[in-house]
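Input: a single structure, listed below in structure tokens.
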Amino acid sequence: MLEYLAIIITAIFVNNIVFAQFLGICPFLGVSSRLTNATGMGIAVTVVMVISTLVTSLLQNYVLVPLQMEYMQTILFILVIAALVQMLEIIMKKVSPALYVALGVFLPLITTNCAVLGVAIMVTQKGMSLTQSVVYAFATAIGFLMALVIFAGIREQLELADVPRPMRGVPIALITAGILAMAFMGFAGIG
Amino acid sequence: MAGVLTITTMIAGFLLGYVYRSTAEARDKASSDKLVGAISQVVSGFDNDPVASKTTVTAGSSQVTIYPATHDGRLIGCAAESSSDNGFSGKITIVAGFDPDGNILGYEVTSHAETPGLGAKMNDWFRGSGSRSVIGRNPSSRPLKVSKDGGEVDGITAATISSRAFLEALNTASEGAMTYFRQSTENK
Amino acid sequence: MNFFKTIYHSAVLENPTFVLLLGMCPTLGTTSSAINGMSMGLATTGVLICSNAAISGIKNLVPDKVRIPVYIVVIATFVTLLQMLLQAYAPALNDSLGIFIPLIVVNCILLGRAEAFASRHNVASSVADGIGSGLGFTVALTLLGACRELLGSGSIASLSIYPESWGALLFILAPGAFIMLGFLIAIYRYLQAKSTKKRQA
């Protein structure tokens, strides 16, 4: 139990996917100007990341390694993620149209979210067990959601500030993200 | 439609399989060159082939590969290959050289996935000046620790986890080397 | 379109990093030094040129509906090839770039250029676009790497400019990446706005 707690705390705070590992920056900058969008994107990423890590770990352990075809890892993983995203979109549309309206628009963007593929590859590199992988994926996604929500909150306020013209938009957002990353460095050493 | 995708993936698979096999030799050579290079970096003055006479010893719960270095048949030290799974981003593998008293002659980090610019600095950091350096220290009398944990080695700034894992691998290597030295004197 | 004009257009006017804001993850993650940034830029450029050429070559054979998955497979193939070659012939480089090599697959620049350019132009212009975008990306990463290395450890490409102890470690660490990139984008925009104004006047 303690081992999983350590994985969770490390993945959310110490080794935050956005602020410490620089993954998933594109949606982090792109979908963070409104708090509602940020929450939607974060939840969609959480769902995809957990399911895709589960599937890719199974494929890695029971297909690629026995066949000695580890070199197909990148191709197979990205296809699995792309297919999963498509399937989720279709299922969501059928089962819960309300949820689809809320989260659907973010789904196509997730395929090229490098955090999803990054986590899938990282758990195989770290040699994590299946349970560990899924816990790690979930915690990482929560870290992403948290980063996105905090950042969106700040950006909504930032719009009211008088920022020099060339700094408006992305540059000031990046600098804000840098200050947030500094705050997250305070967690280093825990876990 | 799905056929086009399947065909593309199959072509990609065959192409990659072909390149994988044809570069296999070069990849093996790159890693063995790296090993031989690392061994000659960490011990010197030997006239045998340490890789040919390698042996494995148990240190704690892990296995350490020992590459003995001899000169005129006399044991002058060894290179020990060990690893730690507790790096910031997974496994760290090192090769460390020891003289027969257990003093560290040198080290090389042979594989790691640590953060560039932070943990990745360990290949230079621990041969730096003053209390950063591990060269000449003897972990067999007292295992090395970073100063944050009350030890004597200054860890990499902002990369304590990497530093701890590195020292853990180094301590394991030392334990393995000492076990090997004891065994080889007993056999004489 | 002229070959060199395409390169200029893709590298400067539509610079992937400073203007299109694509491929932010490797931009931030691998630029702790000028050499690292440049290596990452060149690796991406290599894959981009190959994938642009291949996608432009097969564009008429691929049905519209499975276009994106096929592009992804093509890109992933070249990325894996690159990874194998690096492991075999440049293991040190492969180690220092780490996870960002396989992650070239999801670099938005590659799929973005495939979709926006290579699927609509002939092979020669697609190669030119690959070179241009790749160069723009490489220059941006090298510049960011050099600035962070200079401010953080007082050297550029490991050549010492001033003592390391004067440097602000912050710039080598994660926050420095965000802050430095923010300032570089602002400077790029300022210069671009100025040159447009001059042209109009």
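Only this structure's heavy atoms are used, side chains among them; waters, hydrogens and symmetry mates stay out. Letters go in sequence order (proteins before strands), and every chain restarts at 1. Since we're looking at a predicted model, the values are computed, not measured.
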Steps toward side-chain contact (heavy atoms from CB on, under 4.5 Å) verdict (C/I179, A/L174): CA-CA 6 Å; C/I179 295 171; A/L174 277 167; over 6 Å; no
Where A/C26 and C/G23 come nearest, the two heavy atoms and their spacing: SG-N, 4.3 Å
Straight-line distance of A/Q73 CD to C/T80 OG1, nearest 0.5 Å: 9.0 Å
Contact summary for C/P175 and A/G178, nearest pair of heavy atoms: CB-O, 3.2 Å
Segment of C/Q83 engaging chain A (4.5 angstrom heavy-atom cut-off): side chain
CZ (A/F138) with more than 12 external heavy atoms under 6.0 Å: no
Qualifying residue for side chain to side chain contact (heavy atoms under 4.5 Å, CB included) with C/V106, from A/T74, A/L23, A/L117, A/T111: A/L117
Most chain A-contacting option - heavy-atom pairs closer than 4.5 Å, from C/A76, C/G176, C/P69, C/G182: C/G182
Residue A/I81 versus chain C: region with a heavy atom under 4.5 Å: neither
Atom pair OH (C/Y190) and CE (A/M167), whose distance is rounded to the nearest 0.5 Å: 13.5 Å
Contact class of A/R168 relative to chain C, heavy atoms under 4.5 angstrom: backbone
Point-to-point distance, once rounded to the nearest 0.5 Å, from SG of C/C25 to CG of A/N113: 7.5 Å
Most contacts with chain A, counted as non-hydrogen pairs under 4.5 angstrom, among C/T77, C/I68, C/V79, C/I187: C/T77
Side chain / backbone / both / neither for C/L28 at chain A, heavy atoms under 4.5 Å: both
Side chain to side chain, A/F28 and C/M24, heavy atoms closer than 4.5 Å: no
Contacting moiety of C/M180, where chain A heavy atoms sit under 4.5 Å: neither
Winner by heavy-atom pair count (cut-off under 4.5 Å) against chain C, out of A/I75, A/L29, A/I121: A/I75
Minimum-distance pair of heavy atoms, taken over all atoms of C/F100 and A/Q21: CZ-O, 3.8 Å
Heavy-atom closest pair, residues A/P171 and C/R189: CD-NH1, 3.5 Å
Heavy atoms of other groups near A/Y4 OH, more than 12 under 6.0 Å: yes
Between A/F22 and C/F178, ring centroids under 6.0 Å: yes
Toward chain A, the part of C/L170 with a non-hydrogen atom under 4.5 Å: side chain
